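Predicted model only: the values in this text are computed from it and were never measured.
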Amino acid sequence: MTPAFAAAQSAPASGAATQPATSDPDTRVDVLQPDFTLAALPTTLRLPVNKFSFRVTHRFTRPLGRGDFGDLLSDFFGFDSGAQIGLELRYWLRPGTQIGIYRTSDRTIEIFGQQSVLQEKPDGHPLSLDIIATLEGTNNLREQHQSAVGLLVGKKLAKIASVYAEPIYMFNTNSLEPANSSDNNTMMVGLGGRIRIRPTVYLVGEVTPRLGGYDPGVDQGSFGIEVRSGGHLFQINFSDGIGSTLGQLARGGVNSDSWFIGFNISRKFF
């Protein structure tokens, strides 16, 4: 056998032995953390390399408790009312870093960045930890500017739930009421979680108590149910306010007797 013929025979064998590149672990479905948000609060879910996600939020503005049941039924449980709608685009910037922009139909724009610091692992760190920073403003980011910095701490429990504690400091919360300058900023903590009750069905809940500073209204809370289908997540939620940006959450809900129905639809493109 000539050397050239021997080399030609050995080439396919060498090629067959080559191992494929390891896939990005962030592309795998996290069954306890299927989305980047709860109802409005962010989670510590990472975005894979060169991928993006899109989200639609919808909060109907009719309080469910207004009038009697006949009034609610005639308004089709609030679906006939106006709504505050939001659109979000989230993109991978670098491993562990994601950026995004979110706009609501009242012309509030929120720009955000999120950096993963620690990832929860069975044989490693017991918690996930992210840093988040935002800038938002009304009238398409031209007026009433606010910014936030915070930590997102996540923990998975017994393969059935994920819980979060998120201390966040919001600057210039009361930009809507510039005459009242006694408290301009707000310290709040987001508390929430997601429970997996079926392979693709979850219960979700959150509340955002204010610990100090500007705190009009009641603390906004939400609960809901959601279904995961492939890269989609469909959520029906109920909240005592219609806020969905961090600045809107910092200003609180309407009141404890006014609840609003809404929904989120998210789509991951990976």
message = Do Leu249 and Gln220 have side chains that approach each other closer than 4.5 Å (heavy atoms only, starting at C-beta)?
response = yes
inquiry  = For Asn139, give me all partners under side-chain contact (heavy atoms from CB on, under 4.5 Å), at least two apart in sequence or on another chain.
reply    = Arg107, Arg142, Glu143
task = Could you tell me whether the side chains of Ser244 and Tyr102 share a donor-acceptor contact shorter than 3.5 Å?
result = yes
message = Can you list everything that forms a side-chain hydrogen bond (donor to acceptor under 3.5 Å, both in side chains) with Glu206? Sequence neighbours excluded, please.
response = none
ask   = Okay, side chain of Ser266, backbone of Arg55: is any donor-acceptor separation there less than 3.5 Å?
value = no
key: Distance, nearest 0.5 Å, that separates CD1 of Ile195 from CG of Leu203   = 6.0 Å
query = Among side-chain atoms of Asn185 and Thr173, is any donor-acceptor pair under 3.5 angstrom?
reply = no
remark   = The side-chain contact (heavy atoms from CB on, under 4.5 Å) partners of Val117 (sequence neighbours excluded) come to Leu129, Ile131
query = Would a 4.5 Å heavy-atom cut-off, applied to side chains only, mark Val189 and Pro209 as touching?
reply = yes
request  = Please identify each residue that fulfils ring-ring contact (aromatic ring centres under 6.0 Å, His included) with Phe171, with sequence neighbours left out.
outcome  = Tyr169
pair Leu47-Phe270: side-chain heavy atoms closer than 4.5 Å = yes
key: Trace of the side chain to side chain contact (heavy atoms under 4.5 Å, CB included) decision for Phe60 with Phe260   = CA-CA 6 Å; Phe60 293 100; Phe260 305 85; 5.8 Å; no
query = When you check the side-chain N and O atoms of Arg103 and Asn140, is any donor under 3.5 Å from an acceptor?
reply = yes
task = Any salt bridge (Lys or Arg N to Asp or Glu O under 4.0 Å) involving residues 254-270? Give me the pairs, sequence neighbours left out, ordered by first then second residue.
result = none
Linked hydrophobic residues, Leu233 as query - side chain contacts closer than 4.5 Å = none
ask   = Does Thr37 use its side chain to pair, donor to acceptor, with the backbone of Thr43 at less than 3.5 Å?
value = no
query = Which ILVMFWY residues are connected to Tyr202, directly or by a chain of links, through side-chain heavy atoms under 4.5 Å apart?
reply = Val29, Val31, Leu32
task = Please go through Val218's hydrophobic cluster and name the other residues, only I, L, V, M, F, W, Y counting, with side-chain heavy atoms under 4.5 Å joining them.
result = none
query = Between Gln33 and Ser162, do the side chains contain an N or O donor and an N or O acceptor separated by less than 3.5 Å?
reply = no
ask   = Going from CG on Asn174 to OH on Tyr214, what distance comes out if it is rounded to the nearest 0.5 angstrom?
value = 5.5 Å
ask   = Does Glu120 offer a backbone N or O that forms a donor-acceptor pair with the side chain of Ser128 under 3.5 Å?
value = yes
task = Can you sort out the partners of Arg59 under side-chain hydrogen bond (donor to acceptor under 3.5 Å, both in side chains), two or more places apart, ordered by chain and number?
result = Asn264
message = Show the nearest heavy-atom pair for residues Gly154 and Thr44, with the distance to one decimal.
response = N-CG2, 4.2 Å
remark   = Rounded to the nearest 0.5 angstrom, the CG-CD1 distance for Leu152 and Ile168 is 6.0 Å
ask   = Excluding sequence neighbours, so at least two apart, what forms ring-ring contact (aromatic ring centres under 6.0 Å, His included) with Phe54?
value = none
inquiry  = Donor-acceptor pair, distance only, cut-off 3.5 Å: does the side chain of Thr245 make one with the backbone of Gln248?
reply    = yes
inquiry  = Donor-acceptor check, side chain of Glu110 to backbone of Leu246, threshold 3.5 angstrom: yes or no?
reply    = yes
task = Please name all residues satisfying ring-ring contact (aromatic ring centres under 6.0 Å, His included) with Phe263, sequence neighbours left out, ordered by chain then number.
result = His58
message = For Ser229 versus Phe234, what's the shortest heavy-atom pair and its separation?
response = CB-CE1, 4.3 Å
ask   = Considering only heavy atoms from C-beta outward, does the side chain of Val204 approach that of Gln235 to under 4.5 Å?
value = yes
message = I'd like to know if the side chain of Thr108 and the backbone of Thr138 have a donor-acceptor N/O pair within less than 3.5 Å.
response = no
key: N/O donor-acceptor pair under 3.5 Å between Arg228 side chain and Gly231 backbone   = no
query = Should Ile242 and Thr61 count as side-chain neighbours, where that means a heavy-atom distance under 4.5 Å?
reply = yes
request  = Ignoring hydrogens and angles, state whether a donor on the side chain of Asn172 or Gln146 is under 3.5 Å from an acceptor on the partner side chain.
outcome  = no
request  = Using the side-chain hydrogen bond (donor to acceptor under 3.5 Å, both in side chains) rule, pick out the option among Gln115, Gln114, Arg46, Gln98 that qualifies with Asp130.
outcome  = Gln114
Spacing of Leu41 atom CG and Thr208 atom OG1 [to the nearest 0.5 Å] = 4.5 Å
message = Measuring from atom CG of Asp30 to atom CG of Asp35, what distance do you get when rounded to the nearest 0.5 angstrom?
response = 11.0 Å
query = Is a donor on one side and an acceptor on the other found under 3.5 Å between the side chain of Arg210 and the backbone of Ala250?
reply = yes
ask   = Is it the case that Tyr91 and Ser53 place a side-chain donor and acceptor less than 3.5 Å from each other?
value = no
query = Which residues pass the ring-ring contact (aromatic ring centres under 6.0 Å, His included) test with Trp259, sequence neighbours left out?
reply = Phe223
request  = With the side chain counted from C-beta on, respond yes when Val153 and Glu166 share a heavy-atom pair under 4.5 Å apart, and no when they do not.
outcome  = no
